[in-house]
Amino acid sequence: MTQVLLGAVSLGLLWAIMTIGVYITYRVLDIADLSVEGTLPLGAAVACMLITKDTNPYLASLIAMLCGCAAGMVTGLLHTKLKIPALLSGILTMTALYSINMRIMGNSPSVYILRKPTVFKPLQNLGLDANLSMIIVGFVCAMLIISILYWFFGTELGSAIRATGNNQRMVRAQGINTDTMKILGLMISNGLVALSGAFIAQNQSFADVQMGTGSIVIGLASLIIGEVLFNSRGFYGRLFALILGALVYRLIIAMVLKFGMNPNDLKLFTAITVAIALWLPQGKEILRTFTKSLKKEAA
Amino acid sequence: MLEVKKLKKVFNAGTVNEKVALSDVNLTLNDGDFITVIGGNGAGKSTLLNSIAGVFPVDEGHIVLDHVDVTRLPEHKRARYLGRVFQDPMMGTAADMNIEENLALAYRRGRMRTLRWGVTNAERAKYKELLKQLDLGLENRMSDKVGLLSGGQRQALTLLMATLKAPKLLLLDEHTAALDPKTAQKVLDMTQKLVGENQLTTLMVTHNMQDAIRLGNRLIMMNNGHIAVDIAGEEKQKLTREDLMALFAASSGQELANDRMLLS
């Protein structure tokens, strides 16, 4: 049982990085970006291929992140320069990435990196157990990322990106190019998602072209769980809540699997959870007026 | 300061909904001019302002701002010359960001956004001072989200933002139309004060005849995408509503029949 919980926590921390990426598009930029379903396996594929070629795993992860940024830039250019709706731009990038990911992995749907060095190995070599070293690497990375983002979104550039997600007309009236801000935001987001993919692949010792399927819904589920359970006013707190949300999501999944849910039903379960969570704000309102009218009738 | 030459704008060109919003509009503003623009619905007032601001490209003509031809410049590049306040109070501010962040965005209008801090402490003190002058109590709510403010407060803030870095030209697009009469008056007073203090060249669209006559040193009345009436100086000082209606009838060959303008 402890092993199951530790496994869930460690995986949750790796997925937390992806959740932070989803937050940047979905909440900060107000764009539902589906390219992440392609950039997650992109990061995994790039990192694994480089590691099989004996590249340093840290360098491989960094390159994977940069590839994610490039993919995000493509989505941004499709959306801003070709004026394709954001949702569709993301779908186009995601679809194109399937072929690209296959090519990166040498026209094979998966690449294994068994017994190769990974970002988790140095700690394991010090005698730490696999889950614990994952937790340490995941936690340090996640904290580092939210600290950098906290600083970045406080700068002039970061403020301009936040404002773009808020009111584009006002932002243009202040002399800011909203196209550039959207492209930048999508690049940061997809870079983080690819980094998350690189870590996840190194943890499971393989990259799979299908591993991105449903990832946007997992990201949204973690994001909403974080926001609902750890409601925070400050920006740092909100970023930290994303990490906690990703952890709680993994714990829930570990639990329902433990209680005998068919793993194939997981995606249905997650989709229903997200649908309910997205409905929650309206649902609360309906419930409130409903109970009010009930009380009135009783009186 | 501003020169508009033979400006033409057609919406939905080539369709049944084709609408010539501006045709052959010529207008020259001198430094320090405060011009009120009045006209009925569809006269082209907002289209003129939006063309100057670069919200959409124009079909013909030129727009020269401060000796620079900006006709082909995108909206965000023209912003360095312009301060803008919109009719919708929600339009001029970022609702999820706080008051000081909004002011800081406006303070950097026309400048490259770098990795320096979005709001510095020195700025905060300056903003507090400026907000105090608005007399709306906003100086004590600088870290409140702008979304929490009322329409009037948001419009006052937008006005402050538009003038924070003195623009070459201030564009006010019916900026008091969505406010209740008392708040509208307050925002108008504030407009007069800010324009006067900073000697700003201003184009103010309004549908309120009284305001159009009372404010500014020059009045333009638009009709069907043309400038129908253009009076300035002493003539403008002595202008009455009746004069204005007669001038309009004489220049356009039709009676002024617009409730929104006549009743206000």
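Convention: sequence-line order gives letters A, B, ...; per-chain numbering from 1.
- In this view, B/Leu131 and B/Ile99, B/Leu103, B/Leu134, B/Leu138, B/Glu139, B/Met142, B/Leu157, B/Leu160 satisfy the side-chain contact (heavy atoms from CB on, under 4.5 Å) rule, not counting sequence neighbours.
- With sequence neighbours left out, B/Asp69 forms a side chain to side chain donor-acceptor pair (under 3.5 Å) with B/His62, B/Thr71.
- Using a 4.5 Å heavy-atom threshold, the side chains of B/Leu105 and A/Ile176 count as touching.
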Interface of chain B and chain A, donor-acceptor atom pairs under 3.5 Å:
residue, atom, partner, partner atom, Å
B/Glu75, OE1, A/Arg172, NE, 2.9
B/Met90, O, A/Asn167, ND2, 3.2
B/Met91, O, A/Asn167, ND2, 2.7
B/Thr93, O, A/Asn167, ND2, 2.8
B/Ala95, N, A/Asn166, OD1, 2.8
B/Asp96, N, A/Asn166, OD1, 2.8
B/Asp96, OD2, A/Asn166, ND2, 3.4
B/Glu101, OE2, A/Arg162, NH1, 3.3
B/Glu101, OE2, A/Arg162, NH2, 2.8
B/Arg108, NE, A/Glu156, OE2, 2.7
B/Arg111, NH2, A/Glu156, OE2, 3.4
B/Arg113, NH2, A/Gln174, O, 2.8
B/Thr114, N, A/Glu156, OE1, 2.9
B/Thr114, O, A/Leu157, N, 3.1
B/Thr114, OG1, A/Glu156, OE1, 2.8
B/Arg116, O, A/Glu156, N, 2.9
B/Gly118, N, A/Gly154, O, 2.7

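- Ranked by non-hydrogen atom pairs under 4.5 Å with chain A, the options B/Gly118, B/Ala79, B/Ala95, B/Ala106 are led by B/Gly118.
- Between chain A and the residues B/Met112, B/Met91, B/Met90, the largest count of heavy-atom pairs under 4.5 Å involves B/Met91.
- For the ring pair (Phe, Tyr, Trp, His ring centres under 6.0 Å) test, no residue two or more places apart in sequence or in another chain qualifies with A/Phe139.
- For A/Phe153, no part lies under 4.5 angstrom from a heavy atom of chain B.
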